[in-house]
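Residue numbers start from 1 in every chain, and the chains themselves are labelled A, B, ... in the order their sequence lines are given, proteins ahead of strands.
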There are 2 protein chains.
Amino acid sequence: MTPPTDDLDAVPPGAGLRERKKAARRLALIDASHRLVAEHGLDAVTVEMICAEVGVSPRTFFNYFATKDDAVLGHRPWSLPEKTAAAFVAGGPSGVLLDDLVDLVVGLVAAPPPGSARMRRTLELAAAHPRLMAHHIAWMDRQKEQVERLVRERLGPAAAHRPDTVTALLLVCVHATLMRWDAAGGEGHVREHATAVVAELRALITA
Amino acid sequence: MTPPTDDLDAVPPGAGLRERKKAARRLALIDASHRLVAEHGLDAVTVEMICAEVGVSPRTFFNYFATKDDAVLGHRPWSLPEKTAAAFVAGGPSGVLLDDLVDLVVGLVAAPPPGSARMRRTLELAAAHPRLMAHHIAWMDRQKEQVERLVRERLGPAAAHRPDTVTALLLVCVHATLMRWDAAGGEGHVREHATAVVAELRALITA
DNA sequence: CCGCAACTTGCATTGACTGCAACTTTGCAT
DNA sequence: ATGCAAAGTTGCAGTCAATGCAAGTTGCGG
């Protein structure tokens, strides 16, 4: 059914067969859902269809994703590179909180390459379907914890700012950056967009 | 079944019987869902239960709310007072964009009294159930359009800032304000919290 | 009191999602 | 290789949210 675009071993760097198969299936499911949604529209696509396309039982589908929408969005836990995280906690590349947030954003957004093409498709779908955007935002919010821990560590106990506010701001940056990146047709490095966003916020707030 | 806490006519200011009944039912459904969720937990509560509690058909339930979660959240389209909106578009109370955002926030949050008690219950539930928080955020995002129009009008064609960025910032403010208000146990005027949030953002960005 | 429009309701249906128990595959050690 | 345990897959049966449709009810204006 599925043209094996992703060869089993084409997917992950190292690790056992089990891992690879799993990752491959996961991507296959995501891609299949994208294809089908593009063709039939989000609501017309059923889990069954996606499974048929990939050749997997519907029951299995839910071993991979909690919901249909999660598959379309291809969500997986965020994880930003150790190095970036450590640097940020230690006082960040620049020492200026806001600027360092940019690096965090870049780390979060640009880091994991489940393929940036895939990511663009995801963003486009999200932009088209409010429900998906909803899920997307909600998911970002869930990742907040993780980020907030970093912020907390960096600020230390004698925090001049409330960590949750900082985090909230960070999430806006991420979101705005992604939207710009998408609006720009996926052109340019994420960093440029992130920088632009922060610059604009600065201008806006000091106005 | 339901102790008629809200008398029919206790609910809305004017208008015909039809309207009043509708509003009353709406609130009854919301309250019933709150009661049931508090007792059994979100996932254990079915639409049927809620309906039984209020004495309406399940089918009717969906004439009032698109989803079960919407009922719990008691969402209805935002509408900020004409006056506030007009003032903002005209250049806002203070003329400083960021400060005027505060007023917008207050207008949005404090304006509609479906009862602030009800609102607190809602926020608490949202805080407890990630899925609800997701819906809540998603819903806020959907209202964005409305707000963004205002921002666009105020900024005019020669916009110094991208409206969507401003709006994004506004939404963070709303969210942060609500969270603080809730964290404070519903104490104090919304405006105080909103002001605090903005002040902090300022400090944070100019640091 | 009549008739329209607004609502409500039951019925039937689809499709997401879950728990369970059996079955298959992979990883690993002998 | 061979065998075993853990990891993963699948079918089945069931619950529940959500929707379209076609008939009832009911508030409202004349």
Side-chain angles (χ1 to χ4, degrees), chain A residues 1-2 8-9 11-12 14-30 32-33 36-37 40-73 75-76 129-132 134-135 138, chain B residues 1-2 8-9 11-12 14-30 32-33 36-37 40-73 75 129-132 134-135 138-139:
Chain A
M1 262 311 180
T2 298
L8 269 199
D9 354 50
V11 180
L17 169 60
R18 220 162 193 150
E19 299 282 325
R20 266 178 300 150
K21 254 181 146 174
K22 218 176 151 180
R25 265 232 250 253
R26 179 191 180 74
L27 290 184
L29 284 170
I30 295 176
S33 71
L36 287 170
V37 169
H40 307 212
L42 181 58
D43 292 320
V45 174
T46 73
V47 171
E48 241 179 323
M49 290 190 216
I50 303 177
C51 293
E53 188 93 355
V54 176
V56 132
S57 127
R59 192 62 191 75
T60 298
F61 178 94
F62 290 104
N63 287 347
Y64 283 84
F65 304 100
T67 70
K68 186 178 82 175
D69 291 355
D70 276 334
V72 175
L73 292 173
H75 281 157
R76 65 171 26 165
H129 301 277
R131 200 180 79 229
L132 284 187
H135 273 250
Chain B
M1 264 306 182
T2 297
L8 270 199
D9 355 48
V11 180
L17 169 60
R18 218 162 196 153
E19 299 282 324
R20 265 178 302 153
K21 252 182 148 173
K22 218 175 150 181
R25 268 233 251 255
R26 178 189 182 74
L27 289 184
L29 284 170
I30 295 176
S33 70
L36 288 170
V37 169
H40 308 254
L42 181 59
D43 292 320
V45 174
T46 73
V47 171
E48 241 177 324
M49 290 189 214
I50 303 177
C51 293
E53 187 94 354
V54 176
V56 294
S57 127
R59 193 62 191 76
T60 298
F61 178 94
F62 290 103
N63 287 346
Y64 282 84
F65 305 99
T67 70
K68 187 177 84 175
D69 291 355
D70 276 334
V72 176
L73 292 173
H75 281 157
H129 301 277
R131 200 180 79 228
L132 282 187
H135 271 252
W139 173 81

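Rounded to a whole Å, the NZ atom of Lys68(B) is 13 Å from the P atom of dC17(C). Atom pair Arg59(A):CZ and dC20(C):P shows a separation of 11 Å (rounding to whole Å applied). If you take CD of Glu48(A) and P of dC12(D), they are 12 Å apart, rounded to a whole angstrom. In this structure, His135(A) places its NE2 atom 13 Å from P of dA16(C), rounding to the nearest Å. With rounding to whole Å, Arg25(B) atom CZ is found 17 Å from dA6(C) atom P. Rounding to whole angstrom units, CG of residue Asp69(B) and C1' of dA16(C) are separated by 14 Å. Summarising the geometry, the separation between CD1 on Ile50(B) and C1' on dA17(D) is reported as 11 Å, rounded to the nearest angstrom. Spacing between atom CE of Met49(A) and atom P of dG15(C) amounts to 7 Å, rounded to whole angstrom units.
Put simply, Lys21(B) has no side-chain N or O that comes within less than 4.0 Å of OP1 or OP2 on dC7(C). Within the structure, every side-chain polar atom (N or O) of Ser57(B) is placed at least 4.0 Å from both OP1 and OP2 of dT8(C). The phosphate of dT10(D) (OP1 or OP2) has a side-chain N or O of Thr60(A) nearer than 4.0 angstrom. For Tyr64(B), no side-chain nitrogen or oxygen approaches OP1 or OP2 of dC7(C) to under 4.0 Å. Close to dT8(C), at under 4.0 Å from its OP1 or OP2, lies a side-chain N or O of Asn63(B).
Considering all non-hydrogen atoms of both residues, Ala66(A) and Asp70(A) come closest at CB-OD2, 3.7 Å. Minimum heavy-atom separation, Ala44(B) to Met49(B): O-CE, 2.7 Å. When all heavy atoms of Phe61(A) and Val56(A) are compared, the pair lying nearest together is N-CG1, 4.3 Å.
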Inset, instruction - Take Arg26(B) and Phe65(B), measure what side-chain contact (heavy atoms from CB on, under 4.5 Å) needs, and give me the verdict at the end. - result: CA-CA 9 Å; Arg26(B) 178 189 182 74; Phe65(B) 305 99; 3.6 Å; yes

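Mapping Pro58(A) and Lys22(B) onto DNA chain C via the closest heavy atom, the residue that lands nearer the 5' end is Lys22(B). Of the two residues near DNA chain D, Ala66(B) and Arg18(B), the one whose nearest nucleotide lies more 5' is Ala66(B).
By the 4.5 Å heavy-atom criterion applied to side chains, His129(A) and Val37(A) are counted as neighbours.
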